[in-house]
Structures are given as structure tokens and as C-alpha cells.
Novice: 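Before I ask anything, here is the structure I am working with.
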Number of protein chains: 2
Amino acid sequence: MENKPTASELEILGVLWSKGAATVREVNEALNQEREIGYTTTLKLMQIMAQKGLVARDETSRTHIYKAAIDQDKVQATLLNRLVDSAFSGSASSLVMQALGQGKTSKSELEAIKKLIEKLEGGQP
Amino acid sequence: MENKPTASELEILGVLWSKGAATVREVNEALNQEREIGYTTTLKLMQIMAQKGLVARDETSRTHIYKAAIDQDKVQATLLNRLVDSAFSGSASSLVMQALGQGKTSKSELEAIKKLIEKLEGGQP
DNA sequence: ATTTATTTACGAATTCATTCGTATACCATT
DNA sequence: AATGGTATACGAATGAATTCGTAAATAAAT
């Protein structure tokens with residue numbers, strides 16, 4: 001994926017993924033739940049993102065409506081692979097083990113992961 | 001961790017973690033296996049890193065000897081948590097599942113992960 | 001001893017992301 | 001029609017990361 005969102009862009013994408021579609025004002029208000037950020041700052045970022053193709057916008061009415069133009073899954077996969085390469089010497093399993101070792105995963109989540117592993121093992125032995 | 005290495009710094013830490021200790025020239029040559037980068041660029045980065053406390057250096061001889069001053073585990077954990085927060089809505093398990101779903105994990109690695117999960121579950125059954 | 005090569009230190013250019021001020025257009029209400 | 005509020009567009013300041021050129025110091029080779 002040649003489109004790599006920056007940190008701020010990822011914040012905005014997060015809002016759009018959860019809301020589905022939103023105006024600049026709505027996104028800006030969501031961001032301001034977390035930290036203070038000016039309206040025109042958010043606007044500018046979203047304009048840049050539109051130019052990059054990270055978001056699409058409907059310009060029919062004066063107040064433009066934005067939505068994400070890339071899948072959350074794809075972005076997650078891209079960022080994950082980048083992290084695996086840059087910090088885990090390319091080993092996804094050591095990343096997984098590090099993540100699990102943090103102790104922030106509930107028992108039911110662990111069960112779900114185990115199920116997934118068994119499914120993966122079954123598929124390609 | 002207040003010390004967050006940048007992308008380039010992480011590359012250098014990677015070399016130091018694998019070599020244990022190295023001169024600027026050695027690090028630069030390792031980096032040049034991947035991409036072209038000038039000697040003084042690497043030097044400057046390592047000087048900045050020394051100032052930040054990311055690396056330590058022995059200055060007794062003219063050619064300084066550098067080594068990493070932070071644990072690979074700690075950096076991995078920091079970056080992992082950051083990614084979980086920024087791209088996975090704080091859910092470590094969804095990151096794990098996304099990572100496993102890539103299909104880049106061998107059967108023996110999957111086994112090892114399963115063992116780890118069972119060990120973690122054993123703690124509070 | 002003079003030249004050549006290697007090293008560190010320093011400063012600065014470049015690039016990119018982030019931030020916001022100002023101008024302009026549009027719409028609604030008076 | 002004039003006023004006030006809200007929107008977009010644009011330009012530019014700021015700051016951080018990356019890059020490298022040049023100078024000065026040191027060591028090695030002739």
C-alpha cells in the first residue's frame with residue numbers, strides 16, 4: 001500500500017471508520033474529546049487526505065461529507081507488517097508473543113485466539 | 001517510556017541489538033545493505049541518540065564504540081502498545097488475530113503461541 | 001615530516017507533518 | 001438588502017526528522 005496514513009490522519013480515519021461518514025465539524029468535535037485541535041487544522045488535514053485518496057468526499061452540498069476511502073483491515077495489516085519489519089526482525093510470531101505477554105488479554109480473548117490458531121492449523125498442516 | 005525512537009533510530013538500534021556493540025562505520029555499513037545512507041548521516045543520528053540516552057558510547061579510543069542503552073523488549077512493548085491504541089482501538093487481541101490471519105506464521109510458531117496461551121490461562125483457570 | 005585517510009563535531013539545508021490565520025463564499029435570519 | 005454565522009480554500013509559520021557538507025582533530029602511511 002503506497003498510502004500510509006500519518007498519526008493524525010489515522011486519528012481521523014478512526015473517527016470516520018466508527019461513524020461511517022461525517023462532516024469536518026463532526027470529526028473535529030470527536031478529536032476534541034481527546035485533545036484540543038483547531039477546526040481549520042482538522043479541515044486542512046482532511047483536505048490533504050482527500051487529495052491523497054485516503055478519504056472520499058461528497059461535495060454536492062456546501063458542507064462536504066467525508067468517508068474513509070481505505071479499509072480499516074488493510075491499514076491495520078500495513079501498519080502491522082511495518083512494525084513486524086521495523087521492530088521484530090520480520091517475525092510476526094514474536095510480535096504476537098510479546099503482545100500476549102503483556103497480560104492485557106482477557107481469558108475469553110485468549111480462547112478466541114486459540115480457536116483461530118486451531119483453525120489455521122487445520123487448514124494448512 | 002519517554003524515550004521513543006524514531007524510524008531511523010529504530011534501524012540503528014536494530015543493528016546494535018544484533019551486533020551487541022559497533023562503531024559508526026559498522027552501523028553505517030549495515031544500514032547500507034538496505035538503503036543508501038551517508039556516513040555522516042549515520043554519525044549524526046547516533047550522536048543524537050547518545051544525547052537522548054538511547055545508546056551509550058565508549059569514547060576512550062578515538063573511534064567510539066556504541067551499544068544500545070534500552071532493551072529491545074521494552075521498545076517492542078512501547079511500539080506495540082502505541083499501535084494497539086492508534087490503530088486497533090486499544091484491543092490487543094484484535095491485533096493478534098489480524099497478525100495471525102496474515103498467514104505468515106509457520107505451524108511450529110502457531111504451536112508455540114498456543115503453548116503460551118495455555119500457560120497464561122493456567123495462571124487463573 | 002608530509003601527505004592521506006578516518007573520525008568526530010557542528011551547522012545548516014531539506015523535507016514532511018502539523019498547526020492555524022486570513023480571505024472568501026455561501027446561507028439564513030432579520 | 002444588510003448582518004452574522006459557518007463553510008471551504010489558501011498560504012504560511014512552526015517544529016521535528018533526516019540528510020549531508022565542511023572543518024578540525026587524530027592516526028596511519030609514505
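What you are looking at is a predicted structure, and each value in this text was computed from that prediction instead of being measured. Residue numbers start from 1 in every chain, and the chains themselves are labelled A, B, ... in the order their sequence lines are given, proteins ahead of strands.
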Novice: Hey, which sits more toward the 5' end of DNA chain C by its nearest nucleotide, A:Thr42 or B:Thr63?
Specialist: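 Looking at the nearest nucleotide for each, B:Thr63 comes out on the 5' side.
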Novice: Check the distance between C:dT7's C1' and B:Glu26's CD and give it to me in whole angstrom.
Specialist: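 Interatomic distance, CD of B:Glu26 to C1' of C:dT7: 14 Å.
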Novice: What integer distance in Å separates B:Asp58:CG from C:dT7:C1'?
Specialist: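 So the two atoms are 15 Å apart, to the nearest Å.
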Novice: Remember a base hit wins even if backbone is also touched, and classify A:Thr40 as base, sugar-phosphate or nothing at under 4.0 Å, heavy atoms.
Specialist: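 Counting heavy atoms under 4.0 Å across all strands, the contact made by A:Thr40 includes a base.
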Novice: By the 4.0 Å heavy-atom rule, please label B:Thr6 as base, sugar-phosphate, or nothing.
Specialist: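 Since only primed, P, OP1 and OP2 atoms lie under 4.0 Å of B:Thr6, the category is sugar-phosphate.
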Novice: Do A:Leu95 and B:Leu120 share a hydrophobic cluster, counting only Ile, Leu, Val, Met, Phe, Trp and Tyr and linking them when any side-chain heavy atoms are less than 4.5 Å apart?
Specialist: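 Result: yes, single cluster for both.
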Novice: Check step by step if salt bridge (charged side-chain N to carboxylate O under 4.0 Å, His left out) holds for B:Glu118 and B:Lys115.
Specialist: CA-CA 5 Å; B:Glu118 275 151 13; B:Lys115 287 244 167 58; over 6 Å; no
Novice: Quiz question: going by heavy-atom distance under 3.5 Å, is there a donor-acceptor pair between the base of D:dT8 and the side chain of A:Arg62?
Specialist: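 Donor-acceptor pair under 3.5 Å: no.
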Novice: Take atom CD of B:Glu59 and atom P of D:dT26, then tell me their distance rounded to the nearest Å.
Specialist: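 Between P of D:dT26 and CD of B:Glu59: 13 Å.
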Novice: Only one of A:Glu26, A:Met49, A:Gln47, A:Lys19 clears side-chain contact (heavy atoms from CB on, under 4.5 Å) with A:Tyr66; which?
Specialist: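 Filter result, single survivor: A:Gln47.
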Novice: Taking CG from A:Leu10 and C1' from C:dA17, how many angstroms apart are they, rounded to a whole number?
Specialist: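 About 14 Å, once rounded to whole Å.
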Novice: Hey, does A:Val55 have a side-chain heavy atom less than 4.5 Å from the side chain of A:Lys67?
Specialist: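 Sidechains of A:Val55 and A:Lys67: no contact.
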Novice: A side-chain contact here means heavy atoms from C-beta on lying under 4.5 Å apart; do B:Val75 and B:Trp17 qualify?
Specialist: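 Heavy-atom side-chain distance check passes, below 4.5 Å.
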Novice: Name the closest nucleotide to the A:Ile37 side chain, picking from D:dA7, D:dT19, C:dC20.
Specialist: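 That would be C:dC20.
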Novice: Can you tell me if the side-chain N/O atoms of A:Gln47 get under 4.0 Å from OP1 or OP2 in D:dC10?
Specialist: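 No.
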Novice: Give a yes/no on whether any side-chain N or O of A:Thr41 is located under 4.0 angstrom from OP1 or OP2 of C:dC20.
Specialist: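 True: A:Thr41 side-chain N/O within range (under 4.0 Å) of C:dC20 OP1/OP2.
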Novice: Whole Å only: how far is the CD1 atom of A:Ile48 from the P atom of D:dA9?
Specialist: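 Spelled out: CD1 on A:Ile48 to P on D:dA9 is 12 Å.
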Novice: By nearest atom, which of the nucleotides C:dT8, D:dA9, D:dT6 is closest to the A:Arg25 side chain?
Specialist: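 Between C:dT8, D:dA9, D:dT6, the one nearest the side chain of A:Arg25 would be D:dT6.
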Novice: Counting only side-chain heavy atoms from C-beta out, which of C:dT8, D:dT6, D:dT8 sits nearest to B:Tyr39?
Specialist: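 Selected nucleotide: C:dT8.
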Novice: When the distance from CG of B:Leu45 to C1' of C:dT15 is rounded to whole Å, what number comes out?
Specialist: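 Between C1' of C:dT15 and CG of B:Leu45: 15 Å.
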Novice: How many whole angstroms separate atom CG of B:Asn28 from atom C1' of C:dT6?
Specialist: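 Going from B:Asn28 (CG) to C:dT6 (C1'), I get 13 Å.
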Novice: Base, sugar-phosphate, or nothing for B:Ser8, non-hydrogen atoms under 4.0 angstrom?
Specialist: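 The answer is sugar-phosphate, as B:Ser8 gets under 4.0 Å only of primed atoms, P, OP1 or OP2.
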Novice: Send over the distance from B:Glu11 CD to D:dA17 C1', rounded to a whole Å.
Specialist: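 Checked: the CD to C1' distance equals 13 Å.
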Novice: Counting only distance, no hydrogens or angles, is the base of C:dG11 paired donor-acceptor with the side chain of B:Lys44 under 3.5 Å?
Specialist: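 Indeed, a donor on one side and an acceptor on the other fall under 3.5 Å apart.
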